[in-house]
Structure formats: C-alpha cells, structure tokens
Amino acid sequence: NAGVTQTPKFQVLKTGQSMTLQCAQDMNHEYMSWYRQDPGMGLRLIHYSVGAGITDQGEVPNGYNVSRSTTEDFPLRLLSAAPSQTSVYFCASKTSGGARTDTQYFGPGTRLTVL
Amino acid sequence: AQTVTQSQPEMSVQEAETVTLSCTYDTSESDYYLFWYKQPPSRQMILVIRQEAYKQQNATENRFSVNFQKAAKSFSLKISDSQLGDAAMYFCAYRGYNTDKLIFGTGTRLQVFP
C-alpha cells in the first residue's frame, strides 16, 4: 500500500513550457484534489474530483487542467507555464461523502520552479 | 465563504514547555470539521488532530490537545512537553459537513529551542 504518490519530486521549467504532474493513489479513494502551497498563503485548492470522469475547479484553477479517467490517477497539467506557477504542489485523496471519521491523505509534494 | 485565519506567523518554545497556536475561522454552517496539520521540513503533511463541531469535548492526541470554542469560532492547538521534533509548520484547516474540500490557514512556523 503506497498511499498517495507524486512524480516528479522536483521540476524546473522555462516560461511557456508544458508539463504534467502525476498523482496516483492505491486506496480506492473517490475524492482527489490538487493544492498549491506558497509562502505566507497556506495551501490553496486548484482542482478536485469526486470520482472518475468528474472534476471541478477550486480556488485557484487558472492555468491548470485536470482529468480523471481512472479512480487511481489524477494528473495536473500546466499548458503554458508561467513564473507565477512556481510553487509546491500537493495531491491529496480521501473517501468521498464527508464521512465523519475519514482522513485526507497527502502525497509528498512536487516543487516546481518556472524560470 | 468559509475562511481560516492563523494570526501568528511564527512562534517559539523551549523544549519541555507548553505552547499554544491560535486559529480562528468564519462559517455560517453549524456542523463541520476542524483539523491541525503538521508540515516538517520534509514537506509531508501530517494530520495531528481532528475535531468534529458537534462534539463539545475537546480532542486530545497524546501531547496535543485543542481548545475548541464554537461560539467564538476559535480552534487553538496546545502542545505540551514540547520536543525538538515538534518544530514544523502547523496549518489549521476547515471542512464543511457536506463537502470533501479543505480550507487552510496560512500556517504558523513553530521553533523549538533546547
């Protein structure tokens, strides 16, 4: 049971390049989400998904695309990277439905630098 | 919209002493969940403690306890017998009853001195 995995751990891009941050979980969780963490701003929700084929925008979705073709995977795509997207990105998952005793599991994070 | 505020960007404590981290939140919901997460230098997000709003009793987990004041919308974290390994960034987070989305505060960096 690997939990939530993210690749890569570090990435440097040039402005205008595209890339995909990978996220996978092996806990059969319906809910998956992407956050970005910036100094002094905490974690902010980018996109989330409540199940395969269903995605929705969070607080800061501009510049990012997501898709959810399987329960296990939830990739985050940057189509044209900008310096403002320099951040640490976290993927998280949990069972869906707001159950009272559930826990949100976080991946180890990806540090992205856009030059 | 719900918001979470952590007004202490940095705190420090002597080893073995007690420290309290503050968190306030704003919501119109009557049932919700509150969390404290720890983020050490490794970046891993670690759940420290969870509180369900319908429960009046404050949650405790070993040396970690909360002071949940629902009317005041306050959710502080008390760390007793502080250890060097407690040094980290601490985030307060809110989740509504019928949603899976977490709303985070801006964090408090805790330093522990020997």
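Everything numeric in this text was worked out from a predicted model, so none of it was measured. In what follows, chains are A, B, ... by sequence order, proteins preceding strands, each numbered from 1.
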For the student: nearest non-hydrogen atoms of A53(B) and D31(B), plus distance: CB-OD1, 4.1 Å
Check: Y64(A)/R36(A) side-chain N/O donor and acceptor closer than 3.5 Å: yes
Part of L102(B) lying under 4.5 Å from any heavy atom of chain A: both
Do T110(A) side-chain atoms and P8(A) backbone N/O form a donor-acceptor pair below 3.5 Å? yes
Any donor-acceptor pair under 3.5 Å linking the side-chain atoms of Y97(B) with those of E52(B)? no
Taking every heavy atom of F90(A) against every heavy atom of L43(A), the minimum-distance pair comes out as CD1-CD2, 4.1 Å
Can you name the residues of residues 68-80 of chain B that have some heavy atom under 4.5 Å away from a heavy atom in chain A? none
Chain B heavy atoms under 4.5 Å from Y35(A): which part of the residue, side chain, backbone, both or neither? side chain
Using a heavy-atom distance cut-off of less than 4.5 Å, which residues of residues 12-23 of chain B contact chain A? none
Passes side chain to side chain contact (heavy atoms under 4.5 Å, CB included), L78(A) versus Q85(A)? Steps please. CA-CA 9 Å; L78(A) 286 71; Q85(A) 294 178 304; 3.6 Å; yes
Can you find a side-chain donor-acceptor pair between S87(A) and R111(A) that sits under 3.5 Å? no
Would you say the side-chain atoms of Q37(A) pair up with the backbone N or O of M41(A), donor to acceptor, closer than 3.5 Å? no
I need the residue from K101(B), M89(B), Q39(B), Q44(B) with the largest number of non-hydrogen atom pairs under 4.5 Å to chain A. K101(B)
Please report the closest heavy-atom contact between F74(A) and R68(A), naming both atoms and the distance. CD1-CD, 3.7 Å
Is the NZ or CZ atom of R43(B) both under 6.0 Å from the centre of the six-membered ring of F10(A) and within 45° of that ring's axis? yes
Which portion of Q6(B) sits near chain A, non-hydrogen atoms under 4.5 angstrom: neither
Take a 6.0 Å sphere around CZ of R109(B) and say whether it holds more than 12 heavy atoms from other residues, nucleotides or ligands. no
